[in-house]
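Below is one structure, written out as structure tokens; comments come after it.
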Amino acid sequence: MAAGLKVPEMALRVCVVPLALASLWEMATNAQADDTYGEVKFSDLSGFSYLVGVNAVTAAYAVASILLSSFKPLARYGWVILVMDQASAYLLVTSASAAAELLQLARRGDREVSWGEVCSYFGRFCGKATVSLALHAAALACFVALSLVSAFRVFSSTPCHPPPDADADGQPKHAQAQEEQGRYH
């Protein structure tokens with residue numbers, strides 16, 4: 001059954017590369033100047049810089065996993081791929097949440113701490129950040145699906161046996177039977 005997932009898995013890995021790179025490019029080239037308020041760049045905000053870094057890492061990992069699969073089947077490295085897919089998904093979640101928080105503050109501000117919204121002054125900057133975050137979310141969706149496929153591949157190829165039945169004391173029944181046999185011999 002896992003062999004039937006090879007094409008969708010590879011398609012997801014291939015899709016991650018342009019999504020992550022487009023998100024990276026959109027954010028890394030994001031800057032806008034205003035005569036009154038000065039200039040804002042993505043690198044001025046750590047959450048946006050983190051998003052750029054995570055996009056670079058996940059795109060590189062996606063390319064590496066595609067290249068690795070062209071030499072050896074990915075199933076051979078099942079646990080490593082599962083852990084790396086999970087790590088990539090988690091990195092994408094954390095960077096998306098950091099960038100979304102910054103974008104929310106830029107759009108609405110925070111009156112409790114006297115932060116005004118800035119998107120009315122830096123509309124192009126906020127627009128590019130929104131596009132980058134949407135592309136990033138699409139890459140995240142691909143990695144969530146890849147994590148599920150990787151987990152299915154690993155756990156369907158590994159024999160999983162249920163634990164032995166236990167008696168009322170929590171002892172496995174086979175241990176109880178061995179103990180009783182020892183009494184009679």
Side-chain angles (χ1 to χ4, degrees), residues 5 7-69 74 79-153:
L5 295 174
V7 171
E9 178 183 12
M10 208 44 58
L12 286 166
R13 290 188 190 285
V14 168
C15 285
V16 164
V17 176
L19 289 169
L21 290 177
S23 176
L24 182 152
W25 179 260
E26 193 70 17
M27 188 62 80
T29 60
N30 198 4
Q32 184 178 354
D34 181 77
D35 292 337
T36 306
Y37 295 103
E39 182 182 20
V40 64
K41 300 177 291 205
F42 88 94
S43 59
D44 296 335
L45 303 162
S46 61
F48 289 162
S49 296
Y50 181 48
L51 180 128
V52 167
V54 168
N55 276 321
V57 168
T58 54
Y61 164 64
V63 169
S65 66
I66 291 166
L67 293 174
L68 179 65
S69 70
L74 287 181
W79 281 102
V80 173
I81 296 296
L82 173 60
V83 169
M84 295 299 291
D85 287 350
Q86 289 284 315
S88 296
Y90 292 139
L91 284 170
L92 287 163
V93 166
T94 60
S95 56
S97 64
E101 178 185 18
L102 286 173
L103 198 52
Q104 176 72 7
L105 283 172
R107 289 195 182 286
R108 297 190 184 197
D110 188 348
R111 293 178 198 259
E112 291 180 24
V113 293
S114 301
W115 287 350
E117 63 84 26
V118 295
C119 285
S120 59
Y121 307 106
F122 297 103
R124 192 178 80 245
F125 181 85
C126 291
K128 286 185 76 159
T130 301
V131 170
S132 176
L133 186 57
L135 292 164
H136 190 77
L140 169 60
C142 289
F143 264 111
V144 167
L146 280 167
S147 294
L148 292 172
V149 169
S150 297
F152 178 79
R153 185 179 354 92

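Computed from a predicted structure; not experimentally measured.
- Applying the disulfide (SG to SG under 2.5 Å) rule to Cys119 yields the partners Cys126; only residues at least two apart in sequence or on another chain are considered.
- In this structure, Val52 and Ala28 approach most closely via the heavy-atom pair CG2-N, 4.0 Å.
- Put simply, the side chain of Ile81 reaches to within 4.5 Å of the side chain of Tyr61, judged on heavy atoms.
- A pairwise comparison of heavy atoms in Leu140 and Ala89 identifies CD1-O, 3.5 Å as the closest pair.
- Counting only heavy atoms from C-beta outward, the side chains of Thr94 and Tyr50 approach each other to under 4.5 Å.
- Here the CG-CZ distance, from Asp34 to Phe125, works out to 13.0 Å after rounding to the nearest 0.5 Å.
- Separation of atoms OG (Ser88) and CZ (Arg13) is listed at 8.5 Å; rounding is to 0.5 Å.
- The shortest distance between side-chain heavy atoms of Val149 and Pro8 does not fall below 4.5 Å.
- Here the closest non-hydrogen pair linking Cys142 and Cys15 is SG-CB, 4.1 Å.
- Here CG of Leu51 is found 11.5 Å from OG of Ser46. Values are rounded to the nearest 0.5 Å.
- The environment of Glu101 atom CD is sparse: at most 12 non-hydrogen atoms of other residues, nucleotides or ligands sit within 6.0 angstrom.
- Contact record, Ala20 with Ala139: N-CB, 4.3 Å, taken as the closest heavy-atom pair.
- Note that OG1 of Thr58 is 11.0 Å distant from CG of Asp85, once rounded to the nearest 0.5 Å.
- Scanning both residues, Ala129 and Leu103, for their nearest heavy atoms gives CB-CD1, 3.8 Å.
- In terms of the side chain to side chain contact (heavy atoms under 4.5 Å, CB included) criterion, Asp35 has no residue partners (sequence neighbours excluded).
- When each of Asn55, Val54, Leu135 is paired with Leu24, the side chain to side chain contact (heavy atoms under 4.5 Å, CB included) condition holds for Asn55 and for no other.
- When the side chain to side chain contact (heavy atoms under 4.5 Å, CB included) test is applied to Ala96, the partners found at least two apart in sequence or on another chain are Leu133, His136.
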Step by step, would you call Val40 with Val118 a side-chain contact (heavy atoms from CB on, under 4.5 Å)?
CA-CA 10 Å; Val40 64; Val118 295; over 6 Å; no
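- Proximity of Phe42 to Ser49: side-chain heavy atoms (C-beta onward) are separated by under 4.5 Å at one or more points.
- Ser147 places a side-chain N or O within 3.5 Å of a backbone atom of Phe143 that can act as its donor or acceptor partner.
- Listed for the Arg124 side chain is a donor-acceptor partner under 3.5 Å among the backbone atoms of Ala31.
- In this structure a side-chain-to-backbone donor-acceptor pair under 3.5 Å is present from Asp44 to Lys41.
- Minimum heavy-atom separation, Val17 to Ala59: CG2-O, 4.2 Å.
- Residues meeting the side chain to side chain donor-acceptor pair (under 3.5 Å) test with Asn30, sequence neighbours left out: none.
- Once rounded to the nearest 0.5 Å, the distance linking CG of Leu148 with CD of Glu9 reads 11.5 Å.
- Counting heavy atoms from C-beta outward, Met84 and Leu146 have side chains that stay 4.5 Å or more apart.
- Shown here are the ring pair (Phe, Tyr, Trp, His ring centres under 6.0 Å) partners of Tyr121, two or more places apart in sequence or in another chain: Tyr37.
- Side-chain atoms of Lys128 and Thr29, non-hydrogen and from C-beta on, do get closer than 4.5 Å to each other.
- Residues passing the side chain to side chain donor-acceptor pair (under 3.5 Å) test with Thr130, sequence neighbours excluded: Arg107.
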